[in-house]
Amino acid sequence: MEWADDLAASVSGPQVVNDSKTPSGTVHVGSLRGPVILDVIARALRAAGRETMFLYGVDDLDPMDAQALLTPDAVEREMGRPLAHVPDQAGDGHASYARHHAGLFIETFARLGIHPDRYYWMSEHYAAGDMDPYIRVALDRAALVREIYRRVANVRHPDTWHPVSVICETCGRVGTTIVTNWDGERVFYECRPDLVEWAHGCGTSGWTSPFGGRAKLPWNLEWAAQWSLFGVTIEPNGKDLATAGGSRDRSEAIAREVFEREPPLNFPYEFLNIGGRKMSTSKGRGASAQQMVEVVPPEQLRLLFLRPKPNQAIEFDPDGTDAIPRLFDEFDRLAAATAGKPVKGELPPGFAAVFRYSLVDPAADAAAEAARFRPAFGHLAVLTQVPGVDVAATMRAEKGSGLDTRETEILDERIRSAGAWLAAYAPESARLVVRHDALPDAAADLGLPQRQFLAALADRIAGGAPSGGEAWQAAIFEVAGSMGTQPRGAFEALYQAFLGRPNGPRAGWLLASLEPAFVVGRLREAAASGTLAAGEDATEEAG
RNA sequence: GGGCCCGUAGCUCAGCGGCAGAGCAGGGGACUUUUAAUCCUCGUGUCCUGGGUUCGAAUCCCAGCGGGCCCUCCA
């Protein structure tokens with residue numbers, strides 16, 4: 001956790017931490033890395049005794065450019081209009097498209113324990129006139145802005161270009177307008193049909209005031225203006241913006257030269273890759289934040305983003321791997337270590353801080369949280385697949401005492417996660433499938449004592465099956481004992497006969513969940529199959 | 001073309017000047033009732049390559065090679 005604490009130690013005076021986002025649509029899991037980093041920085045600053053304001057902005061005056069998220073009839077009408085002015089497509093009561101999508105990600109933040117002191121909406125600040133001084137300076141210094149774009153980003157705008165976008169008085173679009181003149185109070189603008197490919201302006205042109213919400217600054221200037229307006233001192237950003245000549249460079253130059261203020265401390269961070277590739281909603285399941293939150297609970301998701309240094313890309317490949325179970329295991333290991341319990345292996349420096357920052361509630365008693373009973377995810381994933389198992393009771397037995405309210409919550413949360421993981425991500429090897437169709441091939445490899453055990457067990461229960469897992473388990477031990485079979489071998493034989501694998505969940509409960517007639521039949525089949533295969537290699541080969 | 005990040009065990013990664021490490025996976029073993037639990041045990045891998053600095057380099061410097069992402073709203 002050194003990166004956040006080091007940052008906190010390196011600054012002095014009150015701090016304003018800020019980030020903002022355009023609410024254009026779905027949020028990817030990776031998008032949560034920024035907010036989590038921001039939240040951790042804010043927590044670290046406060047822990048270091050720095051007065052800290054945590055701001056999160058919604059750039060809702062940005063133009064609508066995501067055609068795919070509009071209903072077909074709305075595309076021609078809404079593309080290019082400010083997101084705050086586009087009606088909510090979902091029709092679920094939000095005032096606008098922007099409010100709907102911003103609402104979704106704010107909800108996600110809250111679930112992750114990320115609570116900015118204030119959310120601000122740029123449409124409101126423009127409307128209130130807060131941005132007017134910056135618009136005026138930008139227009140007065142238009143030549144300087146053009147020079148900066150040329151010098152820093154190698155972007156050449158025409159000499160008539162002015163750094164402001166008017167919201168067209170006729171069609172309401174902001175993405176299609178260009179300002180070509182400024183007389184000190186009014187700008188001359190054109191709403192061009194062909195300025196951008198994704199939206200078509202209406203052709204209006206004329207003089208108008210750019211103040212009071214009638215116009216917005218382009219992104220790089222708006223960003224720099226936000227720093228001045230809110231007094232931002234620290235603002236992390238993704239690597240995409242940190243590239244040479246990219247957004248950050250432009251905005252920093254504009255902040256210094258146009259608005260004459262030192263830009264905030266930068267803190268660039270890497271992305272989250274899914275399976276070694278950039279994540280994409282279209283290329284695979286689980287890329288959306290909402291989906292991932294279904295499977296990975298908040299504290300484990302925070303850990304995923306916290307644990308690596310921000311300048312390192314995170315490789316996360318949940319599909320068909322044990323990446324998610326391992327995330328739980330790592331969390332539990334940190335918890336155990338924080339609680340002072342012995343753990344296997346080495347611990348990262350500052351492991352207790354990593355654990356503490358992973359908690360949803362910043363005010364939580366980390367020591368008490370660390371000491372709580374947490375069922376191993378992998379074990380739960382197995383148990384939940386066996387019909388008839390009372391998972392809660394099993395867990396109480398494992399803990400050795402009753403679960404408290406919080407521990408029950410954790411258990412329920414993990415049961416839900418395990419179900420979602422098995423349904424969407426788990427490798428085949430994690431899924432338990434009773435082979436109802438046919439005797440698994442692997443049963444042919446069973447040794448003679450094991451086959452004899454299966455036959456004896458079949459005889460033992462043919463007259464009447466035990467009722468319940470406990471009784472089944474007892475019967476297995478009893479028969480194994482009477483045959484002189486090691487329990488290990490007995491259990492392996494059962495797993496091979498029913499699951500086609502050498503191990504499995506507690507056998508008694510597994511068998512109790514099956515039809516007794518099927519169990520007897522399968523036991524005899526497995527015992528006989530072995531007999532036939534004895535001394536006959538061909539059977540194995542053919543299997 | 002430019003920027004940033006990463007190349008260490010099968011996988012994920014720590015170590016960042018002083019005898020190559022951990023977790024997971026895998027192998028072996030223990031356990032007559034938490035048998036995918038728990039416990040014990042097993043790691044020589046061109047630390048991407050080639051130079052350089054140094055008594056000493058996985059670690060610092062230079063040059064390559066390979067991979068990833070970005071440079072347009074995006075994290």
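Chain identifiers are assigned alphabetically (A, B, ...) following the order of the sequence lines, protein sequences preceding nucleic acid strands; residue numbering begins at 1 within each chain.
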Applying a 4.0 Å non-hydrogen cut-off, can you work out what [X] is touching in the nucleic acid: base, sugar-phosphate, or nothing?
{"X": "S247(A)", "value": "nothing"}
{"X": "L241(A)", "value": "sugar-phosphate"}
{"X": "R250(A)", "value": "sugar-phosphate"}

(message) Please list all pairs meeting salt bridge (Lys or Arg N to Asp or Glu O under 4.0 Å) that have one or both residues in residues 374-395 of chain A, counting only residues at least two apart or in different chains.
(response)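 Counting only pairs at least two positions apart or across chains, the salt bridge (Lys or Arg N to Asp or Glu O under 4.0 Å) contacts touching residues 374-395 of chain A are E369(A)-R374(A).
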
On a whole-Å scale, what distance lies between the [atom1] atoms belonging to [N] and [M]?
{"N": "G21(B)", "M": "G45(B)", "atom1": "P", "answer": "14 Å"}
{"N": "C62(B)", "M": "U44(B)", "atom1": "C1'", "answer": "30 Å"}
{"N": "G17(B)", "M": "C13(B)", "atom1": "P", "answer": "22 Å"}

(request) Between P348(A) and R431(A), just flag the one whose closest nucleotide in RNA chain B comes earlier from the 5' side. (result)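 By nearest-heavy-atom nucleotide position, the 5'-most residue is P348(A).
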
(request) Would you mind telling me which residue lines up with the more 5' stretch of RNA chain B, G34(A) or A244(A), judged by nearest nucleotide? (result)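 Looking at RNA chain B, the more 5' nearest nucleotide goes with A244(A).
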
(request) List the protein contact pattern of nucleotides 24-35 of chain B with one symbol per nucleotide (5' to 3'): B for base contact, S for sugar-phosphate-only contact, - for none; contact means a heavy-atom distance under 4.0 Å. (result) S------BSBBS

(message) Check E78(A) with R173(A), please: is the shortest side-chain N to carboxylate O separation under 4.0 Å?
(response)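 Judged by the 4.0 Å cut-off on N to carboxylate O distance, R173(A) and E78(A) do not form a salt bridge.
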
(request) Rounded to the nearest angstrom, tell me the gap between atom CG in L347(A) and atom C1' in G15(B). (result)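 Answer to the nearest Å: 15 Å.
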
(request) Using atom CD of E270(A) as one end and atom P of C13(B) as the other, report the distance to the nearest whole Å. (result)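 In whole Å, C13(B) P and E270(A) CD are 12 Å from each other.
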
